[in-house]
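Okay, structure first, notes after.
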Amino acid sequence: MTPSASRASPGAWASRSGAVSPRDALRHLAEARRELGDLPGAEDALTRWAQGSSSGGGAEWNEVARWAARYRRWALARTAATKALDSSITKDGFTLEARKRLATDRIDWAREDRAAGDPELLQGDRASRFLDDPKFAEEWIRALEKAKKLREGDDALLKTRALAPERRALLAAQLRDARGDLAGALDALEKAVLATSGQASLQDLLKSFAGYVDRIGPRKRDGWMAALDHQFDPAALTLYHAYFQGKGRGDLASNLLVQTELRHVGSLDRAAWLVLSRLHEASDSIPEAFRSRLAAAHGAPAEAQMEDLAVLVHLALRAGARPLAWGTYNDEPLKWAARIDVNPGFTSGALSFLMTGFDAQNALYGLEAKRLPERTFRTARLLLDELERRAPSHPSIPALVVEVMERHVQQGQGAEALKLLPKADRGEAPVRAAARRVALLALRQTKEPVAREAALWKERLRFLAPDRIVPRFVDNAEADGYAAVLREAIA
């Protein structure tokens with residue numbers, strides 16, 4: 001309601017509205033009683049008006065809460081705001097963004113007047129209601145820390161589900177550092193780095209980790225190096241590798257992995273090779289990651305080898321023009337192939353374990369005759385074919401098919417990409433949505449009818465917003481979110 005409307009006389013309300021419904025009359029009555037100074041009567045009329053809503057009441061209770069805050073009727077403001085936030089979300093009702101604004105505004109009301117509530121409690125309630133917005137959780141935890149509620153802040157940080165693990169570790173380190181606990185800050189970051197186990201980490205986490213290591217002094221780095229000199233130590237290697245990455249020294253990070261492998265190559269088991277492969281991939285040393293994963297397959301159970309195949313497909317697709325360590329294909333002896341078990345499905349040649357039914361040496365020659373980008377792409381497809389032959393229902397296959405589709409599109413082979421769409425449809429909704437994104441790009445390279453393009457757009461939107469899910473329309477929506485995709489489809 002506008003300020004001018006709130007100052008209107010009872011007669012003006014009636015004259016403007018003419019014949020009104022009993023429920024609308026309650027809203028007018030509330031304003032009339034307010035103008036007469038009867039705030040309790042106005043509250044009663046407003047409450048009955050909101051209770052009579054047929055759309056869930058969220059928008060009405062939001063209006064009541066804001067009315068009550070304007071006139072400092074804090075008991076009603078608290079009650080109405082809670083009812084508004086507790087109401088169900090409907091397509092034409094109280095939107096998600098409006099709910100977030102109300103949850104934020106009532107915190108401001110509490111800061112202005114404690115009669116409106118406890119600001120920290122309200123911040124906690126907001127964080128628990130909107131898990132999709134991690135800044136709410138972070139603001140709440142920092143507020144508890146500022147209020148010297150340290151135990152409550154630690155509990156909130158431990159229990160919140162809104163913060164990603166890496167972001168939680170960064171916040172924990174900052175809070176412990178502010179308390180003068182430098183060792184505790186570094187411990188929180190170490191645990192986060194180890195938890196990623198060589199996966200791509202947030203650069204902020206790596207930079208912060210390296211900074212704290214430098215503040216502690218050289219003893220940390222000396223301890224890691226001493227451990228690695230003695231034996232292959234996955235934790236020490238992961239932490240030292242993360243330190244170099246955080247310092248922006250990818251060259252030193254890669255060299256550390258190579259030197260560690262050379263030092264302990266005779267004692268490395270599957271677990272060690274897996275660590276090396278993941279760390280090489282995190283450094284974007286894809287050929288080394290591929291080679292290490294291939295070595296990890298030696299002696300592995302059949303089920304584990306299926307996982308190896310899936311990862312090797314992904315790495316081969318990432319290799320691009322970088323040669324993979326794979327027989328004469330990389331001007332290297334077939335020593336890596338010798339580490340692969342020879343069993344039904346494996347024969348004795350470098351590529352043979354993934355090309356059952358083909359002549360291994362001729363297949364190698366076929367790869368060597370191609371340009372490097374095509375070699376790695378062909379290798380990925382051969383690996384994927386073998387994975388499909390051995391485990392047709394393997395859960396990684398649909399997502400890998402989407403990656404293959406993307407490479408076809410990059411090479412201008414839209415028709416080939418579209419042929420793979422049915423295989424990608426065996427995946428979950430996010431994979432199927434991604435497959436449609438690639439298929440729509442592939443269509444631009446073909447002469448498919450417009451009707452098929454329209455059908456793919458509709459399918460993609462349906463996967464992004466399944467039945468009974470209200471799509472989010474916000475200005476800062478993610479690039480592949482419903483709103484952005486809808487705008488692209490309309491354009």
Side-chain angles (χ1 to χ4, degrees), residues 166 169-170 173 186 189-268 271-296 311-312 314-326 329-333 335-336 371-373 375-376 379-380:
E166 291 179 341
L170 277 170
L186 181 57
L189 295 177
E190 280 189 355
K191 290 177 179 177
V193 169
L194 292 172
T196 64
S197 189
Q199 301 170 26
S201 301
L202 290 175
Q203 194 60 30
D204 287 346
L205 174 65
L206 296 175
K207 287 182 178 179
S208 182
F209 173 68
Y212 278 105
V213 171
D214 286 342
R215 288 174 61 187
I216 286 288
R219 67 177 184 273
K220 269 289 181 183
R221 300 192 300 275
D222 291 345
W224 298 331
M225 184 56 70
L228 291 171
D229 283 343
H230 178 64
Q231 63 182 3
F232 183 86
D233 187 321
L237 182 62
T238 299
L239 294 171
Y240 212 172
H241 179 267
Y243 171 77
F244 283 133
Q245 284 191 307
K247 299 293 288 186
R249 295 303 305 270
D251 56 333
L252 295 180
S254 295
N255 187 59
L256 171 69
L257 299 179
V258 172
Q259 293 300 321
T260 301
E261 178 185 336
L262 289 174
R263 182 181 295 272
H264 301 293
V265 65
S267 62
L268 298 180
W273 284 117
L274 290 177
V275 170
L276 284 167
S277 179
R278 286 192 291 263
L279 292 176
H280 275 305
E281 184 178 6
S283 295
D284 197 37
S285 300
I286 302 304
E288 289 77 12
F290 186 96
R291 176 173 55 80
S292 297
R293 190 75 189 210
L294 188 60
V311 174
L312 287 169
H314 172 70
L315 292 173
L317 287 168
R318 286 191 59 187
R322 291 172 286 185
L324 298 174
W326 191 257
Y329 169 32
N330 192 38
D331 298 323
E332 181 178 319
K335 60 184 179 182
W336 293 108
R371 294 183 304 109
L372 266 176
R375 290 183 199 175
T376 56
T379 299

How long is the span from the [atom1] atom in [X] to the [atom2] atom in [Y], to the nearest 0.5 Å?
| X | Y | atom1 | atom2 | value |
| --- | --- | --- | --- | --- |
| L262 | Q259 | CG | CD | 5.5 Å |
| L276 | S285 | CG | OG | 11.5 Å |
| H230 | R263 | NE2 | CZ | 12.0 Å |

Kindly say whether [Y] contributes a backbone atom to a donor-acceptor pair with the side chain of [X] at under 3.5 angstrom?
| X | Y | value |
| --- | --- | --- |
| Q245 | A282 | yes |
| H241 | H280 | no |
| R322 | A319 | yes |
| S277 | S292 | no |

At their closest point, which heavy atom of [X] faces which heavy atom of [Y], and how far apart are they?
| X | Y | result |
| --- | --- | --- |
| L257 | S283 | CD1-OG, 4.5 Å |
| A296 | L274 | CB-CD2, 3.8 Å |
| Y212 | A173 | OH-O, 3.6 Å |
| L228 | D233 | CD2-O, 3.6 Å |
| G246 | K207 | O-CG, 3.7 Å |
| F209 | E190 | CE1-CG, 3.5 Å |

Hey, are the side chains of [X] and [Y] touching, using non-hydrogen atoms and a 4.5 Å cut-off?
| X | Y | result |
| --- | --- | --- |
| R221 | D214 | yes |
| W273 | E261 | yes |
| V258 | T260 | no |
| R318 | D284 | yes |

Is a salt bridge present between E281 and R293, judged by a nitrogen-to-oxygen distance below 4.0 Å?
no
L186/K220 under side chain to side chain contact (heavy atoms under 4.5 Å, CB included): CA gap, chis, key distance, verdict:
CA-CA 10 Å; L186 181 57; K220 269 289 181 183; 3.7 Å; yes
Parallel, tilted or perpendicular for Y240 and F244, by the 30°/60° rule?
parallel
Might you work through the side chain to side chain contact (heavy atoms under 4.5 Å, CB included) test for Y243 and L256, ending with a clear yes or no?
CA-CA 11 Å; Y243 171 77; L256 171 69; over 6 Å; no
Option among T238, L237, L239, D229 that satisfies the side chain to side chain contact (heavy atoms under 4.5 Å, CB included) test with W224:
L239
